[in-house]
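The next block holds one structure in the form of structure tokens; read it before the comments.
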Amino acid sequence: MTEPATDPATRAPDRDISEALCQQVANAYQSRAPLRIKGGDTRGFYGRPVEGITLDMTEHSGIITYDPVELVVTVRAGTRLATLEAALAAKHQMLPFEPPRFGQASTIGGAVATGLSGPRRPWAGAARDFVLGSHVITQEGKLLRFGGEVMKNVAGYDVSRLMAGAQGTLGVLADISFKVLPRPAATDSLRLDGMGIEDALSTLSTLGREPLPITGAAWHQNTLFLRLEGGQSSVKATRERLGGEPLEDAFWTQLRDHQHDFFTLTSGRALWRASLPPHTAPLDIDVDETDIFYDWAGSQRWIKTHDGEALRRACQQAGGHATCFTPAAQGGADSPFTPLDPVVEKYHKRLKAELDTHGIFNPGRLYAGL
């Protein structure tokens with residue numbers, strides 16, 4: 001077994017309060033009292049509001065084990081994301097899915113529970129792709145291990161990865177094990193000005209068919225932004241080939257954490273996230289181009305609009321879906337997430353009933369009744 005990390009540079013404030021958390025969950029199960037699971041609360045805007053007794057995860061923190069040679073780290077859910085990333089950076093490693101922070105109090109448990117990934121997502125993978133296993137507090141207040149070490153695919157489900165994106169509605173993430181990767185040897189960013197969206201999407205489609213070290217591709221206001229990461233020679237050769245103007249690497253952090261000026265909202269409009277198949281053409285919606293920010297080479301689009309229903313219809317016609325990222329901005333969207341297909345909804349309800357019989361875990365966070 002890997003020894004706990006002892007280097008101060010790789011340590012987070014270490015406190016295991018899993019026993020107290022289990023007892024609080026068990027009490028809620030017995031009394032059928034709903035729980036609102038809270039970490040840093042930097043993602044509290046995402047999804048439907050939850051009413052319930054607060055289950056505070058912030059004191060359950062610390063890096064339990066970290067093996068830089070095996071590229072595996074196990075961390076408590078309340079650990080701040082910034083702390084974990086600093087520990088990995090000290091060993092020249094990283095979380096490949098580049099999770100958004102949305103604030104310094106952001107925790108790794110919240111990052112996994114929301115399942116959100118940053119600009120590197122299309123080239124590296126999603127949050128759930130790097131979850132190896134987890135300790136989960138079940139509805140009865142039991143702390144069980146899921147993943148490859150002890151328990152696996154109970155009742156046919158890969159529970160540890162199932163928790164990624166479940167918004168805490170199926171159980172409480174206590175500890176999570178991740179696969180990490182080395183940081184790239186070289187990185188460079190550039191911008192290609194004066195490029196309309198049609199030309200940008202065509203360029204990205206062409207570049208995507210070649211083995212180029214692209215790990216970030218965004219477009220906004222007639223400018224294509226690209227990030228190159230990999231070996232020194234590969235990054236240098238690609239940079240020379242593409243040309244363009246230099247771009248500060250901080251651009252990708254601003255995009256990841258919604259610190260770019262684009263994400264400033266005006267009254268009456270909400271921020272929507274459109275998730276679309278690769279190479280989808282611009283949507284036929286009544287929105288000015290200045291109110292759209294393309295990410296993930298066009299597969300993820302941030303759109304500011306007051307007409308979410310029209311956007312949802314356009315996304316569904318294109319084979320994608322749209323999520324209201326800031327429902328409070330438009331008076332509280334009743335369904336920030338796209339309504340489920342009846343067949344999918346049936347399985348969601350069965351899964352919820354199996355893992356949360358009394359509906360105590362973040363009830364209604366995703367959908368009413370779920």
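We number each residue from 1, following the sequence as shown. Quick note: numbers below take in every heavy atom, side chains included, and nothing from hydrogens, waters or symmetry partners.
We find that Arg76 and Asp14 are joined by a salt bridge, their nearest charged nitrogen and carboxylate oxygen being less than 4.0 Å apart. With respect to the salt-bridge test (charged N to carboxylate O, under 4.0 angstrom), the residues Asp295 and Arg273 do not qualify.
Between Trp272 and Asp307 there is no side-chain heavy-atom pair separated by less than 4.5 Å. For the pair Arg43 and Gln167, the minimum side-chain heavy-atom distance is 4.5 Å or more. The shortest side-chain heavy-atom distance between Pro282 and Leu201 falls under the 4.5 Å cut-off. Residues Lys179 and Pro96 have side chains not in contact (no heavy-atom distance under 4.5 Å, counting atoms from C-beta outward). With a 4.5 Å cut-off on side-chain heavy atoms, Arg313 and Glu309 count as touching. Looking at Leu207 and Arg241, their side chains come closer than 4.5 Å, going by heavy atoms from C-beta outward. Side-chain contact between Met57 and Leu173: absent, with no pair of heavy atoms (C-beta onward) separated by less than 4.5 Å. Here the side chains of Val136 and Ser160 are not in contact, with every heavy-atom distance at 4.5 Å or above.
To the nearest 0.5 Å, the span separating CG on Leu204 from CE on Met195 amounts to 8.0 Å. One distance of note links CG of Leu355 with OG1 of Thr138; it measures 9.0 Å at 0.5 Å rounding. Here the straight-line distance linking atom CG of Leu88 with atom CD1 of Ile63 works out to 6.5 Å at 0.5 Å rounding. We find the CZ-OG distance between Arg312 and Ser335 to be 6.5 Å, quoted to the nearest 0.5 Å. Atom CG of residue Leu84 and atom OG of residue Ser61 lie 11.5 Å apart, to the nearest 0.5 angstrom. The CD1 atom of Ile285 sits 8.5 Å away from the CZ atom of Arg301 when rounded to the nearest 0.5 Å.
No hydrogens or angles considered: nothing links the side chains of Asp56 and Thr54 as a donor-acceptor pair under 3.5 Å. A donor-acceptor contact under 3.5 angstrom links the side chains of Asp193 and Thr223, judged on distance only. In summary, the side chains of Asp288 and Thr290 do present a donor paired with an acceptor at a separation below 3.5 Å, with no hydrogens or angles considered.
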Pair Asn362, Leu35 - check side-chain contact (heavy atoms from CB on, under 4.5 Å), show working.
CA-CA 6 Å; Asn362 278 358; Leu35 293 171; 5.8 Å; no
Start with the C-alpha distance between Leu81 and Leu95, add both sets of side-chain angles, then the distance that settles side-chain contact (heavy atoms from CB on, under 4.5 Å), and finish with yes or no.
CA-CA 10 Å; Leu81 187 54; Leu95 292 170; 3.9 Å; yes
Determine, step by step, whether Lys142 and Ile137 satisfy the side-chain contact (heavy atoms from CB on, under 4.5 Å) criterion, reporting the C-alpha distance in whole Å, the side-chain angles of both residues, the deciding distance to 0.1 Å, and the verdict.
CA-CA 5 Å; Lys142 297 178 180 179; Ile137 302 175; over 6 Å; no
For the pair Val159 and Leu170, evaluate side-chain contact (heavy atoms from CB on, under 4.5 Å) and give the outcome as yes or no after the intermediate values.
CA-CA 9 Å; Val159 176; Leu170 301 177; over 6 Å; no
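Panel note: side chain Thr280, backbone Pro277; a donor-acceptor pair is recorded below 3.5 Å. Looking only at distances, no side-chain donor or acceptor of Thr215 sits under 3.5 Å from a matching main-chain atom of Arg120. Between the Thr169 side chain and the Ala166 main chain, a donor and an acceptor come within less than 3.5 Å of each other. Using a distance-only test at 3.5 Å, with no hydrogens or angles considered, no donor-acceptor pair links the side chain of His279 to the main chain of Ser205. Between the side chain of Thr203 and the backbone N or O of Asp199 there is at least one donor-acceptor pair closer than 3.5 Å. Judged by distance alone, the side chain of Arg48 and the main-chain N or O of Gly364 form a donor-acceptor pair under 3.5 Å. With hydrogens and angles disregarded, no donor-acceptor distance shorter than 3.5 Å links the side chain of Ser275 to the backbone of His321. Checking side-chain atoms of Lys304 against main-chain N and O of Arg269 turns up no donor-acceptor pair under 3.5 Å. Counting only distance, with no hydrogens or angles, the side chain of Arg239 and the backbone of Gly243 share a donor-acceptor pair below 3.5 Å. Judged by distance alone, with hydrogens and angles left aside, the side-chain atoms of Arg161 form a donor-acceptor pair with the main-chain N or O of Val131 at under 3.5 Å.
Aromatic pair Phe337/Tyr46: centroids less than 6.0 angstrom apart. In this structure, Phe325 has its ring center under 6.0 Å from that of Trp302.
Across Lys352 and Gly359, no two heavy atoms sit closer than the pair CE-CA, 4.5 Å. Heavy atoms only, all atoms of each residue included: Leu143 and Ala174 are closest at CD1-CB, 3.7 Å. The two residues Ser117 and Ala127 have their closest heavy-atom pair at OG-N, 3.2 Å. The minimum heavy-atom distance between Ala200 and Leu224, with the atom names listed, is CB-CD1, 4.3 Å. For the residue pair Thr74 and Ser177, the shortest heavy atom distance occurs at OG1-OG, 2.7 Å. In this structure, Leu21 and Leu55 approach most closely via the heavy-atom pair CD2-CD1, 3.8 Å.
The neighbour count for Glu248 CD, taken as heavy atoms of other residues, nucleotides or ligands under 6.0 Å away, does not exceed 12. Counting non-hydrogen atoms of neighbouring residues, nucleotides and ligands closer than 6.0 angstrom, the CD atom of Gln104 reaches no more than 12 such neighbours. Within 6.0 Å of CG on Asp286 lie no more than 12 heavy atoms contributed by other residues, nucleotides or ligands.
Put simply, Val112 and Val180 are part of the same group of oily side chains (I, L, V, M, F, W, Y) that touch within less than 4.5 Å, one to the next. When hydrophobic clusters are built by joining Ile, Leu, Val, Met, Phe, Trp and Tyr residues whose side-chain heavy atoms come closer than 4.5 Å, directly or via intermediates, Phe262 is grouped together with Phe102. Val72 and Met94 end up in different hydrophobic clusters when Ile, Leu, Val, Met, Phe, Trp and Tyr side chains are linked at under 4.5 Å. Val73 and Ile108 fall within a single hydrophobic cluster, where Ile, Leu, Val, Met, Phe, Trp and Tyr are joined by side-chain heavy atoms under 4.5 Å apart, directly or via other members. Ile37 is not connected to Phe45 by any chain of hydrophobic side-chain contacts under 4.5 Å among Ile, Leu, Val, Met, Phe, Trp and Tyr, and they are in different clusters.
A perpendicular orientation is assigned to the rings of Phe293 and His260, their planes being inclined by more than 60° (bins at 30° and 60°). Between Phe130 and Phe97, the two ring planes are parallel [angle under 30°; tilted spans 30° to 60°].
Under a cutoff of 6.0 Å and an axis angle of 45°, Lys349 and Tyr367 do not form a cation-pi pair.
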